[in-house]
2 protein chains.
Amino acid sequence: MASLGELERAVMDLLWAGHEAATANTLRDLLAQTTAAHGGAAGHEGKDLAVTTVLTVLSRLEKKGLVERERGMRPHRYQAVSSREDHTAELMHEVLGSAPDREAVLARFIGSVTESEAETLRKLLGHS
Amino acid sequence: MASLGELERAVMDLLWAGHEAATANTLRDLLAQTTAAHGGAAGHEGKDLAVTTVLTVLSRLEKKGLVERERGMRPHRYQAVSSREDHTAELMHEVLGSAPDREAVLARFIGSVTESEAETLRKLLGHS
DNA sequence: TTGAAGTTCTACGTCGCGTAGAAAACAACG
DNA sequence: CGTTGTTTTCTACGCGACGTAGAACTTCAA
């Protein structure tokens with residue numbers, strides 16, 4: 001239950017962008033930004049999204065546990081539950097988790113990371 | 001375009017099981033095994049699958065590039081294109097690939113692998 | 001030739017997702 | 001308090017993916 005649709009991803013991108021800054025996003029902000037980002041992408045030229053469309057997507061993302069909504073304030077505030085990096089790492093674990101031979105998968109996996117990434121990994125694993 | 005449905009996964013599990021042994025799978029084999037494995041799972045008790053059902057799934061998996069079909073022999077032979085481990089590792093790369101800050105994701109990722117897996121990674125990364 | 005096994009084509013129901021209208025809830029203003 | 005503009009909820013349609021399978025065509029063996 002992890003994969004995102006195109007619009008869902010566009011919205012998450014916005015929310016993730018504001019995650020570090022702990023930005024409280026209102027629907028209006030998101031609508032404007034989403035219309036720009038999503039509409040600007042290939043195949044979606046000039047497509048002005050309806051307010052309810054973004055709302056629906058936000059609700060679905062909330063149900064999926066990716067978005068948290070503060071209902072206290074009147075224009076509700078929407079924000080990503082976790083950072084993009086955390087989410088992606090978690091996704092990787094989900095993918096890996098479904099494998100019987102995790103170590104074999106890891107072997108293949110690190111066989112195709114860039115050298116700089118391998119270096120990063122060495123540093124992070126360094127001190128046992 | 002990577003995620004698999006429940007039945008698709010069940011079939012892939014069978015094909016992956018035979019991948020190492022380079023086993024050539026006929027439809028009959030798969031039908032029998034799938035009915036056992038899939039039907040035995042939770043929520044699918046005693047569900048006897050139709051031959052065409054498995055065939056359809058195999059066709060879809062073929063279209064997705066996960067299954068290869070030898071059309072030479074009369075009962076066609078079906079087999080997984082790559083091992084489960086390779087496929088899973090590739091999936092992990094797909095997930096990782098969509099991240100702007102790959103190294104940050106990797107940091108989170110290795111932060112939550114088991115110690116034995118970390119050990120394996122150290123070995124694999126050991127000598128640059 | 002005939003029949004069983006295998007394969008192709010087509011299709012239906014469900015569900016997730018993009019999309020949005022209708023209506024209800026609400027806040028602010030006169 | 002009633003009118004009005006904003007925000008949220010409810011409901012729904014179309015499409016594509018997937019589980020499921022019937023109907024019909026192909027092929028091989030007896």
Side-chain angles (χ1 to χ4, degrees), chain A residues 1-14 24-79, chain B residues 1-14 24-79:
Chain A
M1 216 270 267
S3 81
L4 298 181
E6 198 174 348
L7 182 53
E8 289 177 327
R9 181 161 301 274
V11 170
M12 284 312 296
D13 278 343
L14 294 178
N25 300 276
T26 70
L27 175 61
R28 285 214 91 58
D29 296 342
L30 291 173
L31 177 59
Q33 293 179 275
T34 304
T35 300
H38 189 62
H44 291 271
E45 313 299 334
K47 204 55 172 137
D48 266 32
L49 296 173
V51 196
T52 49
T53 299
V54 178
L55 235 338
T56 302
V57 167
L58 283 169
S59 296
R60 287 175 180 162
L61 290 170
E62 194 187 9
K63 191 175 305 175
K64 291 184 190 181
L66 295 183
V67 164
E68 195 174 23
R69 166 191 328 216
E70 289 183 50
R71 290 190 146 82
M73 344 232 72
R74 181 44 186 170
H76 295 179
R77 302 306 152 88
Y78 305 86
Q79 57 195 318
Chain B
M1 216 272 266
S3 82
L4 298 181
E6 198 174 348
L7 182 53
E8 289 177 328
R9 182 160 301 275
V11 170
M12 284 311 297
D13 279 342
L14 294 178
N25 299 276
T26 69
L27 175 61
R28 286 215 90 57
D29 295 343
L30 292 172
L31 177 59
Q33 293 179 276
T34 302
T35 300
H38 188 60
H44 290 274
E45 313 300 335
K47 203 67 169 119
D48 266 33
L49 296 173
V51 196
T52 49
T53 298
V54 179
L55 235 341
T56 301
V57 167
L58 283 169
S59 295
R60 287 176 181 162
L61 289 171
E62 192 186 9
K63 192 175 304 176
K64 291 185 190 180
L66 295 183
V67 163
E68 195 174 25
R69 167 191 327 214
E70 290 183 49
R71 289 189 146 83
M73 346 231 71
R74 183 41 189 171
H76 295 179
R77 301 307 150 88
Y78 306 86
Q79 56 197 318

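Proteins get letters first, then strands, A, B, ... in listed order; numbering begins at 1 in each. These numbers come from a predicted model, not from an experiment.
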In whole angstrom, what separates [X]'s [atom1] from [N]'s [atom2]?
| X | N | atom1 | atom2 | result |
| --- | --- | --- | --- | --- |
| Leu58(B) | dA21(D) | CG | P | 15 Å |
| Asp48(B) | dT20(D) | CG | C1' | 13 Å |
| Met12(B) | dG19(D) | CE | P | 13 Å |
| His38(A) | dG18(C) | NE2 | P | 7 Å |
| Leu61(B) | dT20(D) | CG | P | 13 Å |
| Leu55(B) | dG6(C) | CG | C1' | 7 Å |
| Asp29(A) | dT7(D) | CG | C1' | 14 Å |
| Leu49(B) | dG22(D) | CG | P | 12 Å |

Between the side-chain atoms of Thr56(B) and the base atoms of dA21(D), is any donor-acceptor pair under 3.5 Å?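 Such a pair exists between side chain and base.
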Check: dG18(C) base within 3.5 Å donor-acceptor of Arg60(A) side chain: yes
Please tell me if [X] has a side-chain N or O lying less than 4.0 Å from either OP1 or OP2 of [N].
| X | N | answer |
| --- | --- | --- |
| Thr53(A) | dG18(C) | no |
| His76(B) | dG6(C) | no |
| Tyr78(A) | dT8(D) | yes |

Sugar-phosphate, base or nothing in reach of Lys63(B), heavy atoms under 4.0 Å: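 It contacts nothing in the nucleic acid.
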Under 4.0 Å, heavy atoms only, any strand: does Arg71(B) hit a base, just the sugar-phosphate, or nothing? sugar-phosphate
Please check if the number of heavy atoms outside Arg69(B) that lie under 6.0 Å from its CZ is greater than 12.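 Enclosed.
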Choosing from [options], which nucleotide comes nearest the side chain of [X]?
| X | options | result |
| --- | --- | --- |
| Arg74(A) | dG18(C), dA25(C), dA20(C) | dA25(C) |
| Arg69(A) | dG6(C), dT8(D), dT8(C) | dT8(D) |
| Glu6(A) | dT7(D), dG18(C), dG19(D) | dG18(C) |
| Arg28(B) | dG6(C), dC17(C), dA21(D) | dG6(C) |

SB check Glu8(B) Lys64(B) (cutoff 4.0 Å): yes
Pair Glu62(B) + Arg71(B), salt bridge at N-O below 4.0 Å: yes
For Leu4(B) and Leu66(B), what are the C-alpha separation, side-chain angles and deciding distance, and is it a side chain to side chain contact (heavy atoms under 4.5 Å, CB included)? CA-CA 10 Å; Leu4(B) 298 181; Leu66(B) 295 183; 3.6 Å; yes
State which residues pass ring pair (Phe, Tyr, Trp, His ring centres under 6.0 Å) with His38(A); sequence neighbours excluded, sorted by chain then number.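 His38(A): ring pair (Phe, Tyr, Trp, His ring centres under 6.0 Å) contacts with His44(A).
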